[in-house]
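Before any comments, here is the structure.
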Amino acid sequence: MYKGKVVLNKREAKNIYLLGIEVSKEILKSFNPGQFLKIKINERMDPLIPRPFSIHAVDKNVVYILYQVVGKGTKALSEIKKGETLEFLGPLGKPFPKLKNYIICAGGIGIAGFGFLLQKAIKKRSFYPPEKIFYGAKTKDELVRLSFLKSFGISVEISTDDGSKGYKGFITDLVERELREKPKIILACGPKLMLKKIKELGEKYKVKTYLVMETFLACGVGFCMGCVIPSKERNYLHLCIDGPTFLAEEIDIGFFS
Amino acid sequence: MYKGKVVLNKREAKNIYLLGIEVSKEILKSFNPGQFLKIKINERMDPLIPRPFSIHAVDKNVVYILYQVVGKGTKALSEIKKGETLEFLGPLGKPFPKLKNYIICAGGIGIAGFGFLLQKAIKKRSFYPPEKIFYGAKTKDELVRLSFLKSFGISVEISTDDGSKGYKGFITDLVERELREKPKIILACGPKLMLKKIKELGEKYKVKTYLVMETFLACGVGFCMGCVIPSKERNYLHLCIDGPTFLAEEIDIGFFS
Amino acid sequence: MDFSVKIKNLKLKTPLMLASGTWGLGENLDKFFASEEIKKNIGALVTKGISIKERKGNPPPRLFETPCGLINSIGIENPGIKEFKKNYLPKIINYGVPVIVNLYGERIEDFVELASELKEEKVDGIELNISCPNVEKGGLYFSRDPKSVSELIKEVRRVWGKFLAVKLSPVGPVFEIAEICEKCFADALVVANTYPALAVISIKPFKILQGGLSGPAIKPLTLRLVYEIANKVKIPVIGCGGIISGKDALEYLLCGAKAFQVGTANLIDPRSAIRIMQELRNFKDGLRNKSNPC
Amino acid sequence: MDFSVKIKNLKLKTPLMLASGTWGLGENLDKFFASEEIKKNIGALVTKGISIKERKGNPPPRLFETPCGLINSIGIENPGIKEFKKNYLPKIINYGVPVIVNLYGERIEDFVELASELKEEKVDGIELNISCPNVEKGGLYFSRDPKSVSELIKEVRRVWGKFLAVKLSPVGPVFEIAEICEKCFADALVVANTYPALAVISIKPFKILQGGLSGPAIKPLTLRLVYEIANKVKIPVIGCGGIISGKDALEYLLCGAKAFQVGTANLIDPRSAIRIMQELRNFKDGLRNKSNPC
Ligand SMILES: Cc1cc2nc3c(=O)[nH]c(=O)nc-3n(C[C@H](O)[C@H](O)[C@H](O)COP(=O)(O)OP(=O)(O)OC[C@H]3O[C@@H](n4cnc5c(N)ncnc54)[C@H](O)[C@@H]3O)c2cc1C
Ligand SMILES: Cc1cc2nc3c(=O)[nH]c(=O)nc-3n(C[C@H](O)[C@H](O)[C@H](O)COP(=O)(O)OP(=O)(O)OC[C@H]3O[C@@H](n4cnc5c(N)ncnc54)[C@H](O)[C@@H]3O)c2cc1C
Ligand SMILES: Cc1cc2nc3c(=O)[nH]c(=O)nc-3n(C[C@H](O)[C@H](O)[C@H](O)COP(=O)(O)O)c2cc1C
Ligand SMILES: Cc1cc2nc3c(=O)[nH]c(=O)nc-3n(C[C@H](O)[C@H](O)[C@H](O)COP(=O)(O)O)c2cc1C
Ligand code: FES
Ligand code: FES
């Protein structure tokens with residue numbers, strides 16, 4: 001594990017925080033969009049297992065994590081103060097695939113990992129920028145870092161379930177509208193139900209579809225075999241080493257229900 | 001349990017911290033010297049059981065705790081920041097007895113509870129001031145709040161094991177010198193070995209001797225029967241309800257070894 | 001929302017009981033609860049283990065904290081049944097909720113004698129403690145030997161017609177014993193007592209503490225036992241192990257417990273029972289509002 | 001300080017073993033350890049449970065965190081003995097420390113076949129897993145039935161002369177089984193596997209996960225088992241349960257274990273073994289400097 005000083009841990013939206021950890025450039029160099037870190041929350045034993053978070057952005061000698069408070073680990077994380085030290089393991093998992101002519105679809109905190117992708121893509125560092133970003137949340141208050149996203153000059157389409165900002169309804173409605181016009185590769189991250197719908201859209205419009213998946217992880221490094229996602233051939237994929245990004249067609253749809 | 005905002009949590013000496021919690025005056029009124037609080041360290045479950053600390057001082061609407069970092073609970077406590085909230089239960093235990101013509105003997109962090117006694121005694125609030133305070137520590141760096149103690153105008157005799165400040169040797173040497181001159185009631189708090197020696201001195205010089213005892217507590221309120229101290233009649237005293245201050249003659253000397 | 005439960009002939013206003021040994025002998029429960037709070041939140045009070053003669057208990061240390069758990073080795077410190085009846089029971093009965101006396105004996109005759117002593121008292125039930133890991137005799141001995149448990153219940157039943165629960169040990173042939181209790185007409189099973197545990201309290205000199213482990217650490221283990229036992233026997237199961245929150249309590253109820261006991265949580269905060277019941281009410285309300293009640 | 005231990009004919013540089021199922025199949029151990037670090041710190045490698053045929057393992061969820069503990073229900077996911085020998089074992093052997101293969105079978109014949117398959121391989125020992133709580137057959141079945149264990153060891157001994165350890169379940173008639181293993185000439189006991197546990201992973205809809213509990217929560221329970229079993233049998237006991245620090249490891253050694261295995265700690269940090277051994281060395285040095293070594 002590496003140790004780094006917390007330089008920022010700031011509330012960004014309802015229950016969503018932006019955490020910055022100081023990391024040597026040497027280590028940062030090995031980080032790729034789509035990968036994640038496993039962060040040890042405290043020195044004590046509850047919570048016991050470090051929690052996984054996507055790399056949200058990288059900036060000189062700081063790595064950023066964008067996280068939502070959902071349980072005891074993320075709650076504890078949100079209480080950590082600037083100046084304290086955190087331990088983390090990473091980068092873990094496989095980078096995003098290198099796509100062209102694709103769109104991004106993010107639901108809620110699923111947006112986190114795409115920040116780093118945009119950073120790299122804009123600098124033409126081995127990733128291409130998406131043609132459009134579709135970003136949905138429950139309500140306006142849960143949409144985060146819009147100005148950061150927009151700073152890349154890529155068009156961002158927004159939806160909220162309650163219509164408090166952007167299109168009223170599911171983000172997948174907007175994605176379908178887009179696909180109806182012109183099929184494009186999809187890279188999506190978000191809640192299970194959204195991913196299920198995206199997989200169905202991908203099949204309907206016959207476009208290659210990549211899903212960034214989630215499951216409870218323990219080791220994050222292929223040691224425990226705990227992070228399985230059923231594949232369609234009644235086999236199991238291991239999220240932490242085979243993922244977290246998977247081709248939608250590989251995944252058993254039953255997993256989403 | 002009561003909740004209070006932390007207004008101070010400051011390092012005072014090597015491994016020793018002063019913690020201040022905001023408490024309503026109504027509650028503070030019920031606090032007496034010699035009593036203690038049980039402080040819940042965090043919202044998570046490790047450490048599980050709140051830890052007991054003597055009331056060190058009271059000031060308008062703040063209660064102070066003076067504590068030494070010895071294990072995971074006190075370590076975690078030392079990481080709590082100003083502005084956070086702590087939960088505590090108390091006041092617990094019996095107040096100090098109301099003595100006249102007595103001396104105080106404190107070893108190390110055993111000094112903590114006497115601050116409040118001095119505060120009350122100086123204001124003549126139902127306690128009398130001691131004739132002298134004997135205060136020993138391992139080394140100069142572990143002597144704390146000397147100016148606070150001296151502010152009461154009572155003479156303080158100091159010892160350190162290494163002679164870095166005051167008399168070189170055990171504080172009980174100084175106490176014995178005092179008793180040899182003129183027998184006085186003793187009220188003592190400190191490590192087991194010091195208390196054992198004080199008990200022996202009390203017997204030798206035939207003075208009434210009170211010891212403030214320590215043991216691992218769970219409930220602190222008489223629920224668990226876990227906090228026993230063997231008494232000389234092969235019986236058990238319960239520290240949290242019968243103590244923490246006991247007549248030395250009641251306690252089985254075997255307990256100290 | 002109505003939380004009352006009936007366990008055999010025992011009517012409880014709520015499914016929450018204070019577990020044996022974790023609220024003293026009731027002397028100062030009223031320091032922490034208003035009288036109405038007790039009646040509204042506490043379904044029943046299960047007393048500290050009571051023996052025939054006074055027991056001083058084990059020498060210190062009696063407690064040790066482990067990760068998310070607590071080891072205790074109290075050794076059934078109690079004043080003995082006669083003194084208990086005279087000086088403690090009246091106050092406990094006075095709290096106005098059903099009282100179950102936890103009985104601790106070393107031999108079958110002890111339990112019979114203890115039950116007889118309580119015949120004329122206004123207590124609502126007894127809980128046979130055959131599972132204390134902190135005593136030389138009795139205690140775990142019964143929990144290793146299904147035959148002796150069967151005899152024990154039969155003999156006690158001769159003198160005791162009211163509510164009778166057996167408090168099981170989580171170790172040993174626990175499923176077999178559960179079935180035997182059912183066959184012998186125990187009214188309920190309490191699942192379970194603490195787990196035999198050991199802590200090294202000093203490395204040099206080497207000192208250990210052997211005792212029973214309780215608290216959140218063991219909740220997943222006892223929850224499993226409750227789930228399996230509730231599937232095996234028809235008599236009511238009362239869950240007990242690591243309940244700290246209303247959610248924990250609800251999990252026990254969903255896993256098949258008819259009621260539950262709260263132990264270690266009382267030692268963390270004497271008013272835990274109030275909070276747990278409040279959380280349980282909120283939880284159930286929340287679930288009900290979503291759609292059908294669970 | 002010399003930490004080497006001899007367990008029967010097995011010579012280990014340190015008493016630390018990586019426990020079965022908590023370091024994958026060894027494919028990427030070298031991503032986290034330098035080759036020298038492995039040789040200096042890891043006494044032996046105990047492989048994931050290997051069965052005759054490939055096993056896909058259990059459907060998700062396979063993991064759930066509990067207070068200071070982890071429930072797992074992996075279901076012995078492994079490629080089967082043939083594939084294991086071909087594609088995984090060579091790399092594991094190449095790490096240069098003793099290799100013990102954890103064998104998982106449902107019937108006695110399975111274990112015998114597995115042991116035969118390993119006869120010609122450069123492995124140093126086998127560990128019979130009769131204690132997995134996450135499989136339908138085999139697993140806990142043996143651990144409930146001392147007679148079958150005795151037969152199992154005898155049959156495996158016909159084909160396997162090298163080091164043979166039995167990994168016990170912490171539940172069931174564990175002392176009886178320990179004694180039977182000794183009588184049947186097992187070389188060592190591993191105490192213990194995970195504890196049968198249950199977690200409610202969703203209240204509505206009601207969903208549970210049954211699996212084995214490991215981690216610091218259960219350390220006081222397994223420490224007690226090790227202490228008692230080491231007092232009952234003369235064959236070496238290898239402690240396993242909740243070791244996260246050098247102090248935990250030392251406690252096991254002081255309670256009678258000859259060596260110890262580290263499991264869940266590897267999942268918290270893949271390099272935990274290095275830290276644990278370093279802490280253990282510091283501890284022992286510290287104790288030695290005080291006066292006599294412990
Ligand atoms: C590769 C990866 C990348 C991630 N990136 C991000 C990110 O960038 N930002 C972010 O906010 N989150 C991210 N997450 C999710 C994040 O890891 C979790 O939200 C976090 O671990 C929750 O921890 P907690 O202690 O707060 O919640 P917990 O208290 O552990 O639980 C939170 C919720 O998860 C449920 N849960 C826990 N364990 C299981 C299980 N085994 N099976 C089913 N349900 C379970 C609980 O019931 C509860 O509802 C990522 C997850 C993965 C796998
Ligand atoms: C009435 C009372 C008043 C107190 N007042 C103060 C005060 O004013 N200031 C202050 O600094 N401290 C005070 N203490 C002591 C303080 O409560 C402890 O230092 C604190 O609880 C330690 O918690 P921890 O989690 O940091 O240490 P832990 O990690 O719990 O352990 C610290 C040490 O205690 C040992 N220990 C733990 N449990 C037991 C046990 N059951 N038996 C034997 N040894 C055990 C451990 O091995 C370790 O060496 C008081 C104690 C009592 C009982
Ligand atoms: C300090 C203490 C004392 C206990 N005394 C008794 C007792 O006298 N009789 C008994 O049957 N159980 C006794 N128990 C066990 C509890 O009643 C309960 O079964 C156990 O602690 C598990 O529940 P918990 O995890 O909620 O604490 C005691 C437990 C503790 C912690
Ligand atoms: C994810 C996981 C997988 C495991 N797989 C196996 C296995 O295949 N065979 C086995 O005998 N034990 C297995 N175990 C049990 C461990 O080897 C070990 O006995 C147990 O986890 C207790 O030790 P710990 O508390 O240090 O983890 C597994 C444990 C975990 C957490
Ligand atoms: S989290 Fe352990 S193998 Fe993926
Ligand atoms: S600490 Fe529980 S009775 Fe004193």
Side-chain angles (χ1 to χ4, degrees), chain B residues 1-3 30 37-52 70-74 76 87-93 192 213-231 233-243 251-252 254-257, chain C residues 18-29 31-32 48-49 54-79 134 199 201 205 209 211 213-217 219 242 244-245 248 263-272 274-275:
Chain B
M1 289 213 164
Y2 300 117
K3 271 190 189 177
S30 63
L37 308 178
K38 223 178 67 157
I39 301 186
K40 194 149 182 272
I41 312 280
N42 66 29
E43 286 171 64
R44 286 165 289 283
M45 290 186 243
D46 180 35
L48 183 67
I49 311 273
R51 302 293 198 246
V70 299
K72 65 180 174 181
T74 45
E87 277 185 276
F88 67 89
L89 187 73
L92 305 173
K192 258 190 183 179
M213 306 288 292
E214 243 191 56
T215 182
F216 185 87
L217 299 189
C219 69
V221 299
F223 280 5
C224 71
M225 322 257 167
C227 59
V228 287
I229 308 253
S231 76
E233 307 107 350
R234 308 205 138 275
N235 227 322
Y236 291 119
L237 300 162
H238 297 85
L239 184 135
C240 74
I241 42 176
D242 306 327
I251 292 164
D252 178 2
F255 179 67
F256 297 100
S257 48
Chain C
L18 296 193
S20 178
T22 63
W23 52 284
L25 288 161
E27 316 91 305
N28 52 5
L29 212 54
K31 262 201 210 156
F32 301 100
K48 174 77 196 160
E54 179 189 9
R55 288 179 59 97
K56 309 267 190 201
N58 293 338
R62 290 184 175 183
L63 299 169
F64 194 83
E65 188 178 310
T66 67
C68 295
L70 179 71
I71 297 181
N72 88 77
S73 174
I74 308 298
I76 318 271
E77 177 180 335
N78 82 93
N134 301 324
I201 57 175
L209 174 66
L213 185 64
S214 64
K219 194 193 78 174
I244 298 283
S245 70
D248 296 329
T264 304
N266 304 321
L267 311 183
I268 296 174
D269 178 356
R271 283 177 58 81
S272 290
I274 306 282
R275 182 183 44 76

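Just so we're on the same page: letters track the sequence lines, and every chain starts at 1.
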**Request:** Give, for atom CD1 of I268(C) and atom CD of E87(B), the distance between the pair rounded to the nearest 0.5 Å.
**Result:** 11.5 Å
**Request:** Kindly indicate, with the supporting measurements, whether the criterion side-chain contact (heavy atoms from CB on, under 4.5 Å) is fulfilled by D269(C) and K40(B).
**Result:** CA-CA 9 Å; D269(C) 178 356; K40(B) 194 149 182 272; over 6 Å; no
**Message:** Can you give me the closest heavy-atom contact between L70(C) and A218(B), atom names plus distance?
**Reply:** CD2-CB, 4.4 Å
**Message:** Using the salt bridge (Lys or Arg N to Asp or Glu O under 4.0 Å) criterion, which residues pair with K192(B)? Sequence neighbours excluded.
**Reply:** none
**Item:** Region of P60(C) that comes under 4.5 Å of a non-hydrogen atom in chain B
**Value:** both
**Asked** Roughly how far, to the nearest 0.5 Å, is the CG atom of N266(C) from the SG atom of C219(B)?
**Response** 9.5 Å
**Request:** Find the one option among I229(B), D46(B), L89(B) whose heavy-atom pairs under 4.5 Å with chain C are most numerous.
**Result:** L89(B)
**Prompt:** Would you find a donor on one side and an acceptor on the other, under 3.5 Å apart, between the side chain of R62(C) and the backbone of V228(B)?
**Reply:** no
**Asked** Measuring heavy-atom distances to chain C, does I49(B) have an atom under 4.5 Å in its side chain, in its backbone, in both, or in neither?
**Response** both
**Between SG on residue C68(C) and CZ on residue R44(B), distance to nearest 0.5 Å** = 11.0 Å
**Asked** Is the backbone of G226(B) close enough, under 3.5 Å, to the side chain of N72(C) for a donor and an acceptor to pair up by distance?
**Response** no
**Working for side-chain contact (heavy atoms from CB on, under 4.5 Å), residues H238(B) and E77(C)** = CA-CA 11 Å; H238(B) 297 85; E77(C) 177 180 335; 2.7 Å; yes
**Request:** Return the minimal non-hydrogen interatomic distance between F32(C) and F223(B), and the atom names on each side.
**Result:** CD1-CZ, 4.0 Å
**Message:** If I measure from the heavy atoms of chain C, does F216(B) come under 4.5 Å with its side chain, its backbone, both, or neither?
**Reply:** both
